[in-house]
Amino acid sequence: MGLSEEQEILVKESWEVLKLDIPHHSLRFFTLILEIAPAAKNMFSFLRDSDEVPQNNPKLKAHAVKVFKMTCESAIQLREKGEVVIPDSSLKHLGSVHLMNGVIPPHFEVVKEALLRTIKEAIGDKWNDEIGSAWGEAYDQLAAAIKNEMKQ
Ligand code: HEM
């Protein structure tokens, strides 16, 4: 499924809101991931050794920003081309990093839920079903590409 121009704009606008406070939204994103799936803690090097989600941790922020930004880029591609296209070399790298860290397909649903809830909280009253389905569709197609690579 492609995205409408309207949906692409909604995704870009919400990414602009997330960008205004990356430390806060990254922390919230990981707090939600651990709330939904406490066992995910052991997969992330920066969570393994501490009792709480660390504030201002560069690796935590990097993963959160990658997920936010790559999903946003996927939404743009879905509008422009009707599909998500990731260069082969990046996809191979993403597939192997996730495999090596013990990530399995159901974890992608946990991250999806945390992502949507983070955006919903960030944009408050501006949230609507259309924004949710645009981010959700872009995330699903990106996750499908990574999961497919993990199978290879
Ligand atoms: C690392 C992206 C979903 C767990 C990474 C990296 C990227 C990335 C770019 C860094 C790769 C490198 O080291 O060069 C994404 C995207 C996702 C996604 C775009 C969804 C569309 C997930 C999920 C999990 C996960 C569902 C598990 C809950 C990890 C872990 C690492 C990692 C454990 C290593 C981080 C560390 O300990 O430093 N991911 N990821 N990721 N990802 Fe993801």
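Order of listing sets the numbers, starting from 1, for every ligand and every atom in it. The basis for the numbers below is simple: all heavy atoms, side chains too, and nothing from hydrogens, waters or symmetry mates.
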Atom 19 (C) of ligand 1 has as its nearest protein heavy atom M70 SD, 3.7 Å

Can you classify the ring geometry of F44 versus H63 as parallel (below 30°), tilted (30 to 60°) or perpendicular (above 60°)?
perpendicular

Atom 1 (C) of ligand 1 sits nearest the protein heavy atom H63 CD2, 3.5 Å

For atom 34 (C) of ligand 1, the closest protein heavy atom turns out to be N101 ND2, 3.6 Å

Atom 33 (C) of ligand 1 has as its nearest protein heavy atom M43 O, 3.3 Å

- Look at ligand 1 and say whether V110 reaches it with a heavy atom at a distance under 4.0 Å. no

Minimal heavy-atom distance between N148 and Q152, with the atoms involved, is O-NE2, 3.0 Å

Atom 23 (C) of ligand 1 has as its nearest protein heavy atom V111 CG2, 3.7 Å

Smallest heavy-atom separation, I33 atom then A40 atom, equals CG2-CB, 4.1 Å

If we number the atoms of ligand 1 from 1 as shown, the ones under 4.0 Å from a heavy atom of H93 are 11 (C), 12 (C), 14 (O)

Taking NZ, NE, NH1 and NH2 as the nitrogens, is one of them in E121 or R117 under 4.0 Å from a carboxylate oxygen of the other? no

- Query: Under 4.0 angstrom from atom 10 (C) of ligand 1, is there any protein heavy atom?
  - Reply: no

Ranked by distance from atom 30 (C) of ligand 1, the top protein heavy atom is F44 CE2, 3.5 Å

heavy-atom search around atom 20 (C) of ligand 1 in the protein gives Y139 CE1, 3.6 Å

Looking only at protein heavy atoms, what sits closest to atom 25 (C) of ligand 1 is H98 CD2, 3.4 Å

Nearest non-hydrogen contact to atom 17 (C) of ligand 1 from the set L94, I104, V67 belongs to V67

K41 and L34 have their tightest heavy-atom pair at N-CD2, 3.5 Å

Counting heavy atoms under 4.0 Å, the part of S45 that contacts ligand 1 is both

One finds that the ligand 1 atoms under 4.0 Å from a non-hydrogen atom of V103 are 4 (C), 24 (C), 25 (C), 27 (C)

